[in-house]
Amino acid sequence: MLISRLSRVGFPIIGALSRGISAHVCRTGCAGSTYCQRHWPETWWFQGAIYQRNRYCSTTAASADSADKGEQQEISVTFVDKDGEEKHIKVPVGMSMLEAAHQNDIELEGACEGSLACSTCHVIVMDIEYYNKLEEPTDEENDMLDLAFGLTETSRLGCQVIAKPELDGVRLAIPAATRNFAVDGYVPKPH
Amino acid sequence: MAIYRAVGRNWLTRGLLTISNNPLRVCIVDSGPAGFYTAEKMLKAHQEAEVDIIDWLPTPFGLVRSGVAPDHPETKIVINQFSRVAKHERCSFFGNVTLGSSVSLGELRELYNVVVLAYGAESDRFLGIPGEDLKGIYSAREFVWWYNGHPDFKNLNPDLKSTESAVIVGQGNVALDVARILLRPTAELATTDISKHALSGLEESSIRKVYLVGRRGPVQAAFTTRELREVLGIKNLNIGIQEADLYRAPADEEELKKNRIQKRVYELLSRAATSGSSELNPCQRELHFVFFSKPDRFLESDDSSGHVAGVHLEKTVLKGVSPGKQIAVDTGQFEDRPCGMVLKSIGYKSVPVDGLPFDHQKGVVPNIRGRVLGNTSGDPALCENGLYVCGWLKRGPTGIIATNLYCAEETVASISEDLEQGVLWSSSSSLKPGREGLHQLLSNRNVRFVTFNEWEKIDNEEKRRGSSSSEPREKLICWEELLKSAT
């Protein structure tokens, strides 16, 4: 049921998304180079402490897996940023995608630091098969997804997607917020 | 593409050269989410930018401190991110500096290459109906600032003891916040950073019934799901929703189909309507959703004390005006809702400062993607050089904290475009005194500004005072005390 609904609605979105991304990937980072400056990586240790708490309460399956197969197990995750550039990282099983993004200097906002009080770590799972491997979002996550910009049928909060072996190879797109930014009747004029 | 790249590289080189001797001087007015997100994005996008944030309060973070409810500590975590911005080597905070009295807009524009106004909406919309100035009627903003320990509203002292019923006009998240604060067991509030005076006021409160009044129906309510779910889950709270109000006309179905939040809000309300217990427990508090009603006038109590005694409500019906949009129209049918307190939660309003173009009808500064326009004609040729807006002042008082992230991204993109096109730097006066100039001006006027280091002293003092009673902090609520703790 869920799969059929998603394949109906989700695929065109993902198709459009990947088209947009492949168009962007070729662009060199020249114009955007000023954005490459990473922000204050020395503070992540602090955030890490907070993520611990959420990891504990947000997954059961992943922690069982990590206990079985050892703490060191890692999966491959690809983040596609809002300019369409890909970054491949390794994420230990049990870690949230928000925390993984921050540890790898990937610009994913996390205003509430993973406490399910904002929607800024919104990511789009680019392949429907991977989306379906995730547990259903809780009411609380859905409440926050309500407020995410550029929501799609395969949107999740990065803080609630926890690395587990089945997710090896998952691709996550960080939505380009500005393209979706329209508030209360304001229609951006084309350039 | 080639041209674009050349411009980009050229700009980059120029940027590198200007770091040491001629920084881009940026001033952001007010330090709420819009201000801090703008600062963060400016610092990231422009290595040569030196960003100063001024705020009229000695304390930073705007509505994150004075607006976000005390029982939503997780929403305030964003303060960590904003503090990192404030401590950035190219950023400075000037608290206790008021635009208009400490420094004028004209002066700021003389001192800085770029001025971004992000001072939000500090006033309230009015209903404009008879009796609005009766005692016991407050704006939700005043009430929120009172329980959040804003230094200007510590003496509001709303009378919560002489009535059992309160009416809240409006059906948005602020309305839900104030309803929740009125109805939540005070033991649960005691461990938050709610102001002391508000906690004792609420502990003695006799208010047991709260009516949330909205002109339209449950399909159009402006709540978000999280806040609604939270209020519906309050312990020992009976929820009142008229079954008849849940009826969905075809136009309602159309609206629900298109809007995920409205759909989920409607589902929560219908579930709450059917799950309410039939027998009322007398010690239970009550929250009633009063749909399809609009205040016509406020009723004065018979004892000629000038106090509100109720609201004369007119019933409304919905009328479709365009596909997917229905408005409330009058029916000529009235009913009275007795109450001893009214909180108006019908929206905030921005106020202009001298020398700032302002659209009084929309309550915003006329702008194109954050560039301030000389007047409301919308003519892009009339952009005010170096003057920008962000946040509520730019787009009106709606949205969540994260909305400002995208709003700031847009304003900073406009600034970057103007820089690339030489609009800002080619002007003869590109060498600006910036931070040093502001320092000079403030010291000439004996304005005692509060730095971010000094705010951290206030912060530590508040946390120290809160720790004895297991609160995250006890806010300092007097101007004198705030300034004293800053030294």
Side-chain angles (χ1 to χ4, degrees), chain A residues 26-44 46-47 50 53-54 82 107 109-122 139-151 153 155 175-186 188-189 191, chain B residues 1 4-5 7-9 11-12 15 33 37 40-41 43-48 72-78 80-85 87-88 224-230 259-265 268 368-369 380 394-396 398-403 405-407 409-410 413 416-417 420:
Chain A
C26 334
R27 207 174 74 196
T28 61
C30 170
S33 57
T34 46
Y35 285 90
C36 292
Q37 172 77 17
R38 294 302 164 201
H39 47 142
W40 313 294
E42 68 277 6
T43 53
W44 299 132
F46 168 71
Q47 298 204 340
I50 290 161
R53 184 188 68 205
N54 299 294
K82 47 191 169 188
E107 284 200 37
E109 290 283 338
C112 78
E113 298 177 2
S115 60
L116 261 183
C118 79
S119 53
T120 57
C121 66
H122 171 203
D139 284 343
E140 289 72 22
E141 184 181 351
N142 270 324
D143 289 352
M144 289 299 119
L145 284 170
D146 278 354
L147 306 169
F149 287 80
L151 189 76
E153 289 284 337
S155 287
T178 42
R179 286 210 294 267
N180 302 307
F181 179 52
V183 268
D184 304 315
Y186 169 76
K189 293 201 177 80
H191 293 287
Chain B
M1 188 57 165
Y4 179 55
R5 211 175 286 161
V7 169
R9 202 175 303 138
W11 159 239
L12 192 67
Y37 277 129
E40 182 180 38
K41 298 202 176 291
L43 290 165
K44 259 193 234 175
H46 298 282
Q47 297 304 304
E48 75 293 356
H72 284 171
E74 59 292 335
T75 307
K76 302 186 198 201
I77 290 175
V78 72
N80 294 342
Q81 187 177 344
F82 294 162
S83 298
R84 289 194 293 273
V85 174
K87 288 182 187 172
H88 189 278
T224 57
T225 38
R226 178 196 182 215
E227 278 69 20
L228 184 60
R229 193 186 302 283
E230 189 179 13
N259 190 308
R260 171 181 157 125
I261 303 185
Q262 280 175 248
K263 185 166 168 278
R264 299 184 73 240
V265 162
L268 276 175
I368 295 181
R369 301 174 72 82
K394 169 185 168 186
R395 59 190 162 79
T398 55
I400 54 170
I401 291 177
T403 316
L405 175 70
Y406 309 114
C407 192
E409 215 160 82
E410 188 185 69
S416 302
E417 273 171 38
E420 279 177 29

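Throughout, protein chains are lettered first and strands after them, A, B, ... in sequence-line order, and every chain is numbered starting at 1. Heavy atoms only: backbone and side chains are in, while hydrogens, waters and symmetry mates are out.
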What distance do [X] atom [atom1] and [Y] atom [atom2] have between them, rounded to the nearest 0.5 Å?
X        : Y        : atom1 : atom2 : result
B:Glu409 : A:Lys82  : CD    : NZ    : 4.0 Å
B:Ile401 : A:Cys118 : CD1   : SG    : 8.5 Å
B:Gln81  : A:Thr120 : CD    : OG1   : 7.0 Å

Side chain, backbone, both or neither: which part of B:Thr224 has a heavy atom under 4.5 Å from chain A?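 Side chain only.
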
Proximal component of B:Ile261, with respect to chain A [non-hydrogen, under 4.5 Å]: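 Both parts, backbone and side chain.
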
Between B:Arg229 (side chain only) and A:Asp143 (backbone N and O only), is there a donor and an acceptor less than 3.5 Å apart? no

In terms of heavy-atom pairs under 4.5 Å with chain A, the winner among B:Leu228, B:Thr75, B:Val78 is B:Val78

Between B:Arg226, B:Glu227, B:Lys76, which residue shows the highest count of heavy-atom pairs closer than 4.5 Å to chain A?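 Option with the greatest count: B:Arg226.
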
Looking only at non-hydrogen atoms, find the nearest pair between A:Asp146 and B:Arg260 and report the distance. OD1-NE, 2.6 Å

Using every non-hydrogen atom in the two residues, find where A:Ala117 and B:Glu74 come nearest and quote the distance to one decimal. CB-CG, 3.3 Å

Who are the side-chain hydrogen bond (donor to acceptor under 3.5 Å, both in side chains) partners of B:Lys87, not counting sequence neighbours? B:Glu456

